[in-house]
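A short write-up of the structure that comes next.
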There are 4 protein chains.
Amino acid sequence: MARKPPTSPRKNASQERSRATVDALVEATARILVKEGFEQASTNRIAEIAGVSVGSLYQYFPSKEALVAAVIERHNEEIMAIVRTALKKIADTPLDKAVRQLVTVAIEAHRINPKLHRVLAEQIPRKHLKDVEAFNREVHTLVRGYLESRRKEMRKVDLDVATFICVSTIESVAHNTVLNQTEMLTEKMVKVLVEETTRMVVGYLR
Amino acid sequence: MARKPPTSPRKNASQERSRATVDALVEATARILVKEGFEQASTNRIAEIAGVSVGSLYQYFPSKEALVAAVIERHNEEIMAIVRTALKKIADTPLDKAVRQLVTVAIEAHRINPKLHRVLAEQIPRKHLKDVEAFNREVHTLVRGYLESRRKEMRKVDLDVATFICVSTIESVAHNTVLNQTEMLTEKMVKVLVEETTRMVVGYLR
Amino acid sequence: MARKPPTSPRKNASQERSRATVDALVEATARILVKEGFEQASTNRIAEIAGVSVGSLYQYFPSKEALVAAVIERHNEEIMAIVRTALKKIADTPLDKAVRQLVTVAIEAHRINPKLHRVLAEQIPRKHLKDVEAFNREVHTLVRGYLESRRKEMRKVDLDVATFICVSTIESVAHNTVLNQTEMLTEKMVKVLVEETTRMVVGYLR
Amino acid sequence: MARKPPTSPRKNASQERSRATVDALVEATARILVKEGFEQASTNRIAEIAGVSVGSLYQYFPSKEALVAAVIERHNEEIMAIVRTALKKIADTPLDKAVRQLVTVAIEAHRINPKLHRVLAEQIPRKHLKDVEAFNREVHTLVRGYLESRRKEMRKVDLDVATFICVSTIESVAHNTVLNQTEMLTEKMVKVLVEETTRMVVGYLR
DNA sequence: GATGAATGAGCATTCATTCAT
DNA sequence: GATGAATGAATGCTCATTCAT
């Protein structure tokens, strides 16, 4: 790191430059993943698309995997931001409205960048997906927290089991809705699916 | 090329030999996939494990992908065999018993070869998974058929939507149950999950 | 390896082919080492010069180092063949004649492929030179054996020490003679050096 | 570029700073060479260890080779200082005592920094070792000078040949003594080797 | 002068596929 | 049909060196 120069601007300048490079690399990786798939995403190609040299790529990411992991993390973070916000808003909402909101948000989240979501879901060797564990755990914890606070509206049920089933269900409906038939994805259809899923989950919890 | 007339015994012998080679190759691929993961599964290695030369491998499979596809197809076929049988048995069974049976079978099916299932689910570039579409369609059709025959026990609902939601739900619970926590997989826990899932689905359909 | 075909010719043919490839690779490595130095010796270049694909190179040698090691071993083996032969011939020869012969042979041995010898001596990361240890030990053992058999002609002296000093001396004179000034290497000069070195060593042992 | 006039204190300060940087770089190179070997010694790493930026490194050394050369030169200079001093002290000393001194000094010199000596001897592409030529020549000249002054104690012999042989011998014994077996390096053993080598060389010259 | 981010040629190595035997 | 030696395009990655700040 050497002696830091006394002026912050220089430091910031360099930090910003680094940050820009890192962003460009992650963005380029995501773009290639979407446009050409995982197998085409070579490090040299990523660097080229990012407008950066391979050397720089390796200055910031120790391996190709790290780069893919960064893309995944960024995507997950975007999803989690939505989910967290939704769960906060929901906090004091009764079960049926809350579940409907949750289902809606799940589909929305999967739709942020559906192509990327598909590639991530379908083509990435899961080696990279350890982060996903943490992501799953957080969702579980948040949903469990909400359900706990609404226990009086619910029948007697093991909270972990209920959480597991609800999250699985909502997630899979959202996932399949987004990934499956494009024709199915009329807004009307989505609304139907939201209603139906909500009905099922709420019916189950009550 | 063969100087001998195509007497059927010889022909059969050769056909059997071919069949054996093909089987050995698919089996070897599956084994490597399970033991060492997709990335380690090189064609040379597969041929070696199968006790066959690479040349022979390419006599029977035009590419590595074809080989992986064959493994997937074999696995799916095993699953489908179970599902088809289950759905036949269920045909005249009332909704709740039938759904319980379906959930049970779904988990069983995912458990046939859980390690292979995991690798297939987690490591295989989905390029190979076009076959899965057909598989999904068949399941949808079969389940839809059953539901149609039980319409009187059900509330009024779009059959395709209901099928989509039920299949998604059952599949995801089974999938997550098998892939997730090992500790969770006590038989007792599995029973609880079966009951809960059944309750949710039946509650939804009625 | 698969079923071996019953006829030896086929087997030999393939063995010969392999052998030819291996030889070509080792030879190419040596040539590049001599002509362009260690740093220029990339595996792709070696394969190219050998008239073989990189893939084939890696079929026979697990790494670049293995290739260099093979060159060294081949060179050392050539030297050792000479040294072993010389020591056999010498077995019943009196000290002075024997030492003269040894010195002569040492210089000869270093002259087999002096350019390669130089490169090996000067440019090869010694990582590769573990084999050289064995080589040194063998020389030590052989020379010690001879000296032991001639003990009566020698003054009282620790045999290992004497061997160490004699081998070091002869080796270094031979090495420096071959590596140093080209002008020095007139045949006449070499004879002088042989005589002088012999005189020194014999004088020391007696 | 500098706005300040080149007052000598400042200049000195800067000169000293330069000198310190150069020293730090050479020292860092030597340290890495010893601890991690030539292959690990990247310029970035050297600069880092020296507490300096790569840019600064290239301000003082035009290439990695130059840096390694500086290490070699420093090491050789240390050795030569010892050798020169020894030869001065020896100037009026009779042959046997002088040779003993020379052998002793040779071993001492190789022992100044034996690890560095080993790395320099074993891992450095000799491209860098042109300097060594000059070093060798100086040793030759110094020893020849001494021998010339002692001609009356010696038999008739070509001085260059005798010098070449003596230097080779002493150098190789010292080198092998230091590099070879660690067990061999008891002080007692070293003394024996000194005596024996002296005996050989003196016996040869007389 | 000093910094360290950026460069990119170059390297060792892998592996799906071909084809002479 | 079977074999396995041979292929070579392609990949991930390193590191000496440059240059904008």
Side-chain angles (χ1 to χ4, degrees), chain A residues 1-5 9-10 13-15 17-18 20-21 39-48 52-65 67, chain B residues 1-2 14 17-18 21 39-48 52-65 67, chain C residues 1-5 9-10 13-15 17-18 20-21 39-48 52-65 67, chain D residues 1-2 14 17-18 21 39-48 52-65 67:
Chain A
M1 292 290 154
R3 288 141 253 173
K4 293 174 196 166
R10 187 177 287 272
S14 127
Q15 279 185 353
R17 196 131 86 93
S18 294
T21 300
E39 310 228 310
Q40 303 306 322
S42 75
T43 50
N44 280 294
R45 184 134 179 62
I46 290 171
E48 190 189 337
V52 149
S53 70
V54 220
S56 290
L57 185 158
Y58 279 94
Q59 201 132 70
Y60 295 108
F61 296 92
S63 69
K64 185 188 172 180
E65 291 178 16
L67 213 29
Chain B
M1 289 275 165
S14 122
R17 202 131 84 84
S18 292
T21 301
E39 308 229 311
Q40 303 305 323
S42 75
T43 48
N44 280 292
R45 184 134 179 64
I46 290 170
E48 190 190 338
V52 150
S53 69
V54 220
S56 292
L57 185 157
Y58 279 91
Q59 203 120 55
Y60 294 109
F61 295 92
S63 69
K64 186 188 173 182
E65 289 177 18
L67 212 30
Chain C
M1 290 289 156
R3 288 142 252 172
K4 294 174 196 167
R10 187 177 287 273
S14 126
Q15 278 185 356
R17 196 130 88 92
S18 294
T21 300
E39 308 228 311
Q40 302 306 322
S42 75
T43 49
N44 280 292
R45 185 136 178 61
I46 290 171
E48 189 189 338
V52 149
S53 70
V54 221
S56 291
L57 185 156
Y58 279 93
Q59 200 131 70
Y60 295 108
F61 296 91
S63 69
K64 186 188 172 182
E65 291 179 13
L67 214 31
Chain D
M1 289 276 165
S14 121
R17 202 132 84 85
S18 292
T21 300
E39 309 227 311
Q40 303 304 323
S42 74
T43 48
N44 280 293
R45 185 137 178 61
I46 290 170
E48 190 190 337
V52 151
S53 69
V54 220
S56 292
L57 184 155
Y58 279 91
Q59 201 119 58
Y60 295 109
F61 295 92
S63 70
K64 187 188 173 181
E65 291 178 16
L67 212 31

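Chain identifiers are assigned alphabetically (A, B, ...) following the order of the sequence lines, protein sequences preceding nucleic acid strands; residue numbering begins at 1 within each chain.
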**Study point:** Heavy-atom closest contact (D:Arg45 atom, D:Gln40 atom, distance)
**Key:** CD-O, 4.0 Å
Point to revise | Interatomic distance where CZ belongs to D:Arg45 and P belongs to F:dT17 [whole Å] | key: 18 Å
Revision key, fill the gap. From CG of D:Leu67 across to P of F:dT17 the rounded distance in Å is 10 Å
**Study point:** Minimum-distance pair of heavy atoms, taken over all atoms of B:Ser18 and B:Tyr60
**Key:** OG-OH, 3.1 Å
Check your understanding: Out of curiosity, B:Ile46 CD1 to B:Ser42 OG, how far, rounded to the nearest 0.5 Å?
Key -> 6.5 Å
Study note, to complete from the structure: One should read off an interatomic distance between A:Thr43 OG1 and A:Phe61 CZ, to the nearest 0.5 angstrom, of 12.5 Å
Exercise for review: Say whether, by atom type as modelled, one donor and one acceptor occur between the side chain of D:Ser53 and the main chain of D:Ser56 under 3.5 angstrom.
Suggested key: yes
Exercise for review: Calculate, to the nearest 0.5 Å, the distance between atoms CG and CD belonging to D:Leu57 and D:Gln59 respectively.
Suggested key: 10.0 Å
Exercise for review: Answer yes or no: does a side-chain N or O of D:Ser56 lie under 4.0 Å from OP1 or OP2 of E:dT3?
Suggested key: yes
Review point. Which whole-number value in Å describes the distance from D:Leu57 CG to E:dG1 C1'?
Key: 15 Å
Review point. DNA chain E: D:Tyr60 or A:Gln59, which has the more 5' nearest nucleotide?
Key: D:Tyr60
Identify all pairs in which a protein N or O lies below 3.5 Å from an N or O of nucleotides 9-13 of chain E, and state each distance.
| unit_1 | atom_1 | unit_2 | atom_2 | d |
| --- | --- | --- | --- | --- |
| E:dA12 | OP1 | C:Lys64 | NZ | 3.0 |
| E:dA12 | OP2 | C:Thr43 | N | 2.8 |
| E:dA12 | OP2 | C:Thr43 | OG1 | 3.3 |
| E:dT13 | OP2 | C:Tyr58 | OH | 2.7 |
| E:dT13 | OP2 | C:Lys64 | N | 3.0 |
| E:dT13 | O5' | C:Tyr58 | OH | 3.3 |

Review point. Would you say a side-chain N or O of A:Ser53 is under 4.0 Å from OP1 or OP2 of E:dG8?
Key: no
Point to revise | Length of the line joining A:Glu48:CD and F:dA10:C1', which is rounded to integer Å | key: 14 Å
Review point. Pairing of DNA chain F as dot-bracket, 5' to 3': ( ) intra-strand, [ ] crossing, | other strand, . unpaired, with Watson-Crick or G-U pairs under 3.5 Å?
Key: .||||||||||||||||||||
**Study point:** Integer angstrom distance from the C1' of F:dT21 to that of E:dG1
**Key:** 13 Å
